[in-house]
Amino acid sequence: MNIIASQFPYSWAFSALSVIYAIFKLVRFGCREKHLPPGPPTYPIVGNAHLVVDKNLYKKPVHPFKDWSEQYGEVYSLKIGRGTMIVHSRRAVYDLIDKRSALYSARPDDEQFRTALKNENIANMDADPGWRAQRKMTARFLAPSKLDGDLGKISEAEVTTLMHDLLVCPEDFSKHIDRSTASFSAIALFGQRAKSHDDFWAKGVYKAMEALNRAISPGTYFPSEQFPIFKLIPKRWNPAHLRAEEGFSIPTKIWTEARERIESRRNQGDKRESLMDQLLDGRTKLDVPFHGTKLANFVGALMQGAAETGALAMRTNIMFLATHPWVQDKAQIQLDALCGVDRVPTFADFKDLPYINCIMKEGLRIRPVVPTGIPHRCSQGNWYEGMLIPKDATIIIPHWALSHSQYDDPDTYNPDRYLNHPGLATDYAGCSDYQNRDHYAYGAGRRICAGIQLAERIQWRMLARLLWAFRIEHAVDEKTGEKIEIDPEAFEDKLIAGPMPFQVQFTPRSQRHVEVIKSELEDVSELLRKWE
Ligand code: HEM
């Protein structure tokens, strides 16, 4: 009896201490650890997870990314997942993402991304030999010499088709742009052209992107890395998980069919110069071999990276050009002086048409296509100005917020701000003169957009030719005769985002311009037919 009585207080005390410790740990769970960069106040358990439920992280009227940077500085942290660090200044992007690129080039190990992209999409692959091999091959295939050679001619031919489509049916301008960027990418990557918007080679890529955007857009799935309890929800009851599975299965089905179509064409003796043809030939070999669906998904992921981004950026340009006629005036003075009415501009005119480049940069700055960037992961803990950036922290470069805080008068659309930036984005990215970087729309460090050279050329060609050919103006309401307003803030809430639908008018600048477009189309028809 005595023995039991003397043991009781100890076991009670032990249990009580355990409970107190568990409560302490629970309450501390979610608190920001010492040495982490500062950030918004945390709540027990949830940390800062509640803050990202609002998808409007970057936009007006809330703009929290920007407000937090004003409050907490150039690098701040959110207690989400294994820690989320926001790198919010030109200097910090250069110091961390560019200079320490070896530590900042991994991708977060996020279950939703893992399920939707597996290790088969270059944009989400970990920084391993397979990813390096794919980057190397992409850089080789999309080298400037090729993009300015045969691929350049094809790209210009597709833009000529776009000009003609805009003559014939201007109200469908968005569809024409989608077709144009998809078709050029499909010729380069698969050796096949998209003759119409409903063609497999155009429809497929937008269907794949829609599935992917549905799966991985910020704020649309449970933060199961932070709260593993969500992993216990049966997958069939978790709509976000089902969306993630479709984010993989829908694109994989499309790119597998694409590969089969190419194999069948090749079996009929029709071999072409596309990336897929070269891979199937074995003419181009990857340092790390492909298995299963990886080959189809590699080329498909490039197609996904190429088609929609360029189309969204172009829609943004059109929106701002329609609302800023003085910008068109400036560009058209240069175009008319150089090309007159008898010839269309080509990329060889890049240096002589500097204002087109200014317009391209300003569009990417004011409405970056990937507003919150694609997250990076820090693969090794390191210190920055007395703050710890922990191993496995998610790293965000908030493109939209950066663009709206690191520039003079950032909310004003003004391509003139780039008059002293005559180079392409590649000339400024990663440069030690970080104050002079043009914009961050292509990301930073080793993970910077792998198609940046192509992206710049596609947009430049579209902008130069469309501005040479048309005045872009507000659409007019047929009943009232009033112009239809365009809301420049109406942008999608997606990982890869563009303007909400809007209406504009494309008016040919003269009858002579119309004639030149028609004769140009005749000239390039032969070239394009080869890819049908
Ligand atoms: C306006 C056009 C484009 C924009 C704004 C854009 C933007 C971006 C951004 C922000 C990233 C992530 C960078 C980072 O993690 O820091 C990215 C990655 C990527 N982009 Fe683009 N992109 C565009 C066009 C293209 C084109 C034409 C291609 C052609 C293949 C392409 C292929 C890729 C690929 C493969 C990646 C993944 C790179 C990696 O994770 O290693 N993009 N892009």
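Note that ligands are numbered from 1 as they come in the structure, with each ligand's atoms numbered from 1 the same way.
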Asker: For atom 12 (C) of ligand 1, grab the closest protein heavy atom and report residue, atom and distance to one decimal in Å.
Answerer: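 Residue, atom and distance for the closest contact: I374 CD1, 3.7 Å.
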Asker: D438: what forms a side chain to side chain donor-acceptor pair (under 3.5 Å) with it, not counting sequence neighbours?
Answerer: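 With sequence neighbours excluded, D438 shows a side chain to side chain donor-acceptor pair (under 3.5 Å) to K361, given in chain and number order.
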Asker: Can you count the protein N, O or S atoms that lie less than 2.8 Å from atom 21 (Fe) of ligand 1?
Answerer: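 Number of qualifying protein atoms: 1.
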Asker: Yes or no on salt bridge (Lys or Arg N to Asp or Glu O under 4.0 Å) for R193 and E158, after CA distance, side-chain angles and deciding distance?
Answerer: CA-CA 9 Å; R193 173 162 197 248; E158 280 295 5; 2.9 Å; yes
Asker: For atom 16 (O) of ligand 1, what is the closest protein heavy atom, and at what distance to 0.1 Å?
Answerer: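 For this ligand atom, the closest protein heavy atom is H376 NE2, 2.8 Å.
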Asker: When the ring planes of H439 and Y418 are compared, do they come out parallel, tilted or perpendicular, using 30° and 60° as the limits?
Answerer: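 Aromatic pair H439/Y418 classed perpendicular.
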Asker: Would you mind telling me if ligand 1 is within reach of the side chain of S185, the backbone, both or neither, using heavy atoms under 4.0 Å?
Answerer: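 Neither part.
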Asker: Check the pair D178, R315 against salt bridge (Lys or Arg N to Asp or Glu O under 4.0 Å), reporting the backbone distance first and the verdict last.
Answerer: CA-CA 10 Å; D178 284 353; R315 284 215 271 284; 3.0 Å; yes
Asker: Nearest protein heavy-atom contact for atom 7 (C) of ligand 1: which residue, which atom, what distance?
Answerer: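 Here the closest protein heavy atom is A441 O, 3.4 Å.
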Asker: Hey, do the aromatic rings of F347 and W460 have their centres closer than 6.0 Å?
Answerer: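 Yes: the rings meet the under 6.0 Å criterion.
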Asker: List the closest protein heavy-atom neighbour of atom 13 (C) of ligand 1: residue, atom name, distance to the nearest 0.1 Å.
Answerer: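 Heavy-atom neighbour on the protein nearest atom 13 (C) of ligand 1: R447 O, 3.2 Å.
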Asker: I need the atoms of ligand 1 closer than 4.0 Å to a non-hydrogen atom of A444, numbered in the order shown.
Answerer: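 With A444 as reference, the close atoms of ligand 1 come out as 16 (O).
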Asker: Could you tell me the separation between the CD atom of E492 and the CE atom of M500, rounded to the nearest 0.5 Å?
Answerer: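 One gets 6.5 Å once the value is rounded to the nearest 0.5 Å.
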Asker: Looking only at protein heavy atoms, which one is nearest to atom 30 (C) of ligand 1, and how far off is it?
Answerer: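 The closest one turns out to be L302 O, 3.5 Å.
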Asker: Would you say the rings of W255 and F190 are close, in the sense that their centroids are separated by under 6.0 Å?
Answerer: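 Between F190 and W255, the centre distance is under 6.0 Å.
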Asker: Could you list which atoms of ligand 1 come closer than 4.0 Å to a heavy atom of I122?
Answerer: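 With I122 as reference, the close atoms of ligand 1 come out as 35 (C), 39 (C), 40 (O).
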Asker: Identify, with sequence neighbours excluded, every residue that meets salt bridge (charged side-chain N to carboxylate O under 4.0 Å, His left out) alongside R214.
Answerer: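 Here the qualifying residues are E210, E246.
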Asker: What's the shortest distance from atom 38 (C) of ligand 1 to any protein heavy atom, and which residue and atom give it?
Answerer: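 Protein heavy atom with the smallest distance to atom 38 (C) of ligand 1: R135 NH1, 3.3 Å.
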Asker: Is there a donor in the side chain of H421 and an acceptor in the side chain of N436, or the other way round, less than 3.5 Å apart?
Answerer: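 Short answer, yes.
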Asker: Could you see which bit of H399 sits under 4.0 Å from ligand 1, with heavy atoms only: side chain, backbone, both or neither?
Answerer: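 The side chain, only.
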Asker: Answer with side chain, backbone, both or neither: which part of R107 has a heavy atom less than 4.0 angstrom from an atom of ligand 1?
Answerer: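 For R107, the contact with ligand 1 is made by the side chain alone.
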Asker: Tell me, please: is Y440 in heavy-atom contact with ligand 1, that is, under 4.0 Å?
Answerer: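 In this structure, Y440 fails to qualify as a contact of ligand 1 - no heavy atom is under 4.0 Å.
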Asker: In terms of residue, atom name and distance, what is the protein heavy atom nearest to atom 1 (C) of ligand 1?
Answerer: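 Checking every protein heavy atom, the shortest distance to atom 1 (C) of ligand 1 gives Q459 NE2, 3.4 Å.
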Asker: Once you round to the nearest 0.5 Å, how far does CZ of R367 lie from CD of E489?
Answerer: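 Going from the CZ atom of R367 to the CD atom of E489 covers 4.5 Å.
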Asker: Among all residues two or more places apart in sequence or in another chain, which pass the side chain to side chain donor-acceptor pair (under 3.5 Å) test with E257?
Answerer: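 Checked E257 against side chain to side chain donor-acceptor pair (under 3.5 Å); matches are R261.
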Asker: Of I395, I389, I86, which is the lone residue that meets side-chain contact (heavy atoms from CB on, under 4.5 Å) with V75?
Answerer: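 Single side-chain contact (heavy atoms from CB on, under 4.5 Å) partner of V75 among I395, I389, I86: I389.
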